[in-house]
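When a residue number appears, it is its place in the shown sequence, counting from 1.
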Amino acid sequence: MHSVSIRFEPTRTVSARRRVALFLLGALVWIAAGALAVVLLGHSYILRHLLIAVVVSWAVFGVALLCGRAMRLKEERRELP
């Protein structure tokens, strides 16, 4: 059996400034959603559930991001001569 090397190469790279801007925009969307929930729902048990859902989703995202980064670094080290 032969080994097939598959490498991800984006069609165009994203600058660090744009990545930071997109990351901050995502955070602003979460903050806006929370503010909208407070305005529309008032102070209730629903907001506690919403907060729990947000925290859990951030935790899952963080774990997935770290795992993806670790896998990418592992692949890059393996491909180096």
Side-chain angles (χ1 to χ4, degrees):
M1 292 175 54
H2 62 335
S3 174
V4 176
S5 177
I6 298 174
R7 183 180 174 129
F8 172 76
E9 293 185 27
T11 55
R12 57 188 175 137
T13 59
V14 178
S15 69
R17 177 180 284 172
R18 186 175 181 128
R19 268 186 297 201
V20 169
L22 290 173
F23 183 80
L24 292 176
L25 179 64
L28 287 175
V29 168
W30 277 104
I31 291 169
L36 184 63
V38 168
V39 169
L40 294 177
L41 301 174
H43 299 284
S44 67
Y45 72 94
I46 295 173
L47 289 180
R48 285 194 299 268
H49 290 129
L50 178 65
L51 180 59
I52 291 169
V54 168
V55 170
V56 168
S57 70
W58 282 349
V60 169
F61 169 73
V63 169
L65 186 64
L66 290 175
C67 288
R69 178 82 174 136
M71 289 170 48
R72 181 176 176 180
L73 289 175
K74 181 180 174 184
E75 286 293 322
E76 287 176 354
R77 281 192 215 115
R78 190 166 42 155
E79 290 184 7
L80 290 176

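- A distance of 9.5 Å separates CZ in Phe61 from CG in Leu66, rounded to the nearest 0.5 Å.
- Distance OG1/Thr13 to CZ/Arg19: 8.5 Å, rounded to 0.5 Å.
- Leu24 contributes atom CG, which lies 9.5 Å from atom CD1 of Ile31 (distance to the nearest 0.5 angstrom).
- Connection of Trp30 to Val56 is not established within any shared hydrophobic cluster, with ILVMFWY side chains joined at heavy-atom distances below 4.5 Å, either directly or through further cluster members.
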